[in-house]
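Note sheet for the following structure.
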Amino acid sequence: MIQQSSTSAAAAGGVAAPPPTGTVRLTINGQQHTLQIAPWTTLLDALREYVHLTGTKKGCDHGQCGACTVLVNGKRINSCLSLAVMHEDHDITTIEGLGSQENLHPLQQAFIDHDAFQCGYCTPGQICSAQGLLNEGRAHTEEEIKEHMSGNLCRCGAYAGILNAVKEVVDSQLRMKN
Amino acid sequence: MNPFTYSSATAVEDAVRDNASHEGAAYIGGGTNLLDLMKENVARPTHLVGLNKLPLTSIEPTPEGGLRLGALATNADTAWNEEVKRRYPLLNQAILAGASPQLRNMATNGGNLLQRTRCYYFYDTATPCNKREPGSGCGAIGGFNRIHAILGASEQCIATHPSDMCIALAALAATVRVSGPRGERTIPFEDFHRLPGTTPERDNNLEPGELITGLDLPAKGFEKNFSYLKLRDRNSYAFALVSVAAALELDGDTIKDARLALGGVAHKPWRDQEAENLLKGQPATPETFARAAAKVVESAVGQGSNNFKIELARRAIVRALKQAAEGSQHASDVFLNSNP
């Protein structure tokens with residue numbers, strides 16, 4: 001249990017006390033991290049500000065844009081609407097865990113090949129979401145992929161490229177299965 | 001977000017006890033709505049009781065031949081559950097019509113019932129809102145109210161309940177199982193959510209400290225003739241302007257049993273049993289459907305920018321009943337049900 005410090009800003013003479021913290025252990029991209037964080041730290045802020053994995057982006061911070069999408073136990077979630085402390089027993093995968101510059105994930109290569117971004121800010125979330133879609137294995141047609149990717153917005157409007165990129169990887173996975 | 005303490009419960013009794021021992025405490029399941037409200041300073045709990053380690057994630061048959069949905073099963077796991085798909089496809093369709101895949105992977109069944117309205121004045125702490133701050137007034141009445149209620153509203157509040165899942169649960173006549181400081185009890189779905197009246201700050205009839213532990217679906221699933229028709233500004237990832245859950249049991253062309261519930265039109269999932277009675281025993285024809293639809297909107301009142309919802313609801317009811325009678329689903333939602 002994380003206890004909030006009883007020292008209020010007023011008691012400290014108007015100077016804000018440092019935020020009360022507790023120990024939270026997270027497994028991120030296969031690595032264990034022990035963080036000293038306040039209970040109100042979202043998973044997104046823990047990843048970016050404490051583990052310094054800045055691939056995961058903060059867009060709206062309200063679960064509306066999907067830029068913060070990460071995988072928890074293989075399932076895609078919005079890391080901005082979840083507290084880090086709620087994920088102590090979970091396997092968290094971020095864009096940094098999917099591929100590297102030397103060894104691109106097939107989705108990363110497909111996004112390059114299909115010109116699936118302009119500014120790139122939504123891309124890590126798009127790719128993590130697409131990996132979630134692949135794990136689910138329920139979207140095959142273009143219409144299905146559009147519906148199942150609707151939680152990720154792209155302000156530049158690269159949707160046509162994103163759709164083609166995801167479709168290519170979905171198709172290649174289906175070919176490998178058959 | 002305001003500071004708060006956090007503890008994680010591993011048993012229902014511990015969660016209830018922990019909640020009761022902290023003034024200003026709240027339960028947190030998936031957190032998708034609560035954390036959003038906390039970021040907006042609309043909700044300001046001083047202590048959170050984490051529920052995600054409670055053993056309430058299973059979906060199991062009930063002795064009565066129905067299905068019990070664990071309160072902490074996610075919306076996604078519920079929608080894609082084989083028994084839900086086979087026996088309660090109306091529920092599957094309603095859940096998949098809401099939110100996004102990411103949110104459905106986080107949001108829980110109990111939390112879906114407890115999500116707050118998306119009324120913009122409720123969210124905007126710079127404006128008056130009787131639901132957020134009783135007695136302060138209502139910004140929506142006389143303001144921008146395109147998404148607001150046409151049925152059952154009051155002079156204090158015209159907010160709508162935003163859920164899709166709950167509209168199917170209302171039509172299916174689910175039962176809500178709760179546990180609290182005074183023990184366990186069940187609440188029929190119709191009696192769970194409230195109309196605003198003079199106490200719009202209360203969305204539902206849970207007593208302080210009570211926790212939803214599960215939802216029981218009765219044996220009857222209307223799996224042959226159903227429709228969840230959701231009308232919205234874009235065809236995915238948007239709240240309903242009007243939604244209709246229609247379920248029929250047919251004997252030839254005669255309607256033996258009928259269920260009709262609407263979303264996006266009232267402070268609670270709006271099931272209309274009088275309209276259902278107008279359907280029962282009648283031939284499944286456009287004329288019968290029109291009579292039921294007219295009954296539902298008979299008492300509807302527009303607020304200005306949402307006047308269009310009255311005619312939209314009337315037509316949506318007729319269309320959903322027709323789809324249900326034909327055994328066809330909402331055309332744009334068919335693909336949601338595809339399997340590998």
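Worth knowing before you read on, the calculation uses all heavy atoms, side chains too, and leaves out hydrogens, waters and symmetry mates. Per chain, numbering begins at 1; letters A, B, ... match sequence-line order. A quick note: this is a predicted structure, and the numbers were derived from the prediction, not measured.
Neither the backbone nor the side chain of L174(A) has a heavy atom closer than 4.5 Å to any heavy atom of chain B. Within the 4.5 angstrom heavy-atom criterion, only side-chain atoms of T69(A), from C-beta onward, approach chain B. Only the side chain of D89(A) comes within contact range of chain B, with at least one heavy atom under 4.5 Å from a heavy atom of that chain. At a 4.5 Å heavy-atom cutoff, the contact between L48(B) and chain A is made by side-chain atoms alone.
Summarising the local packing, CD of E23(B) is surrounded by 12 or fewer heavy atoms from other residues, nucleotides or ligands at distances under 6.0 Å.
Remark: the backbone N or O of H62(A) is not paired with any side-chain donor or acceptor of K39(B) at under 3.5 angstrom. Of the possible donor and acceptor atoms, one in the side chain of N52(B) sits under 3.5 Å from a partner among the backbone N and O of M86(A). Checking side-chain atoms of N105(B) against main-chain N and O of R76(A) turns up a donor-acceptor pair under 3.5 Å.
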Audit row: W80(B), R138(A), side chain to side chain contact (heavy atoms under 4.5 Å, CB included) steps and yes/no: CA-CA 10 Å; W80(B) 297 109; R138(A) 296 188 186 105; 3.2 Å; yes
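Taking CG of N235(B) as the start and CD of E143(A) as the end, the distance is 9.0 Å to the nearest 0.5 Å. For the atom pair CG (L35(B)) and SG (C80(A)), the distance works out to 9.0 Å, reported to the nearest 0.5 Å.
Across all their heavy atoms, D77(B) and K75(A) have their closest contact at OD1-NZ, 3.1 Å. Taking both residues in full, the closest heavy atoms of S100(B) and G151(A) are given as CB-CA, 3.5 Å, listed atom of the first, atom of the second, then distance. Here the closest heavy-atom approach between residue E147(A) and residue S236(B) is recorded as OE1-OG, 3.0 Å. Of all heavy-atom pairs spanning L81(A) and T32(B), the tightest one is CD1-O, 3.3 Å.
Side chains of M38(B) and W40(A) form no contact here, defined as non-hydrogen atoms less than 4.5 Å apart.
Side-chain atoms of Q102(B) and N152(A) form a donor-acceptor pair, as typed in the model, at a separation below 3.5 Å.
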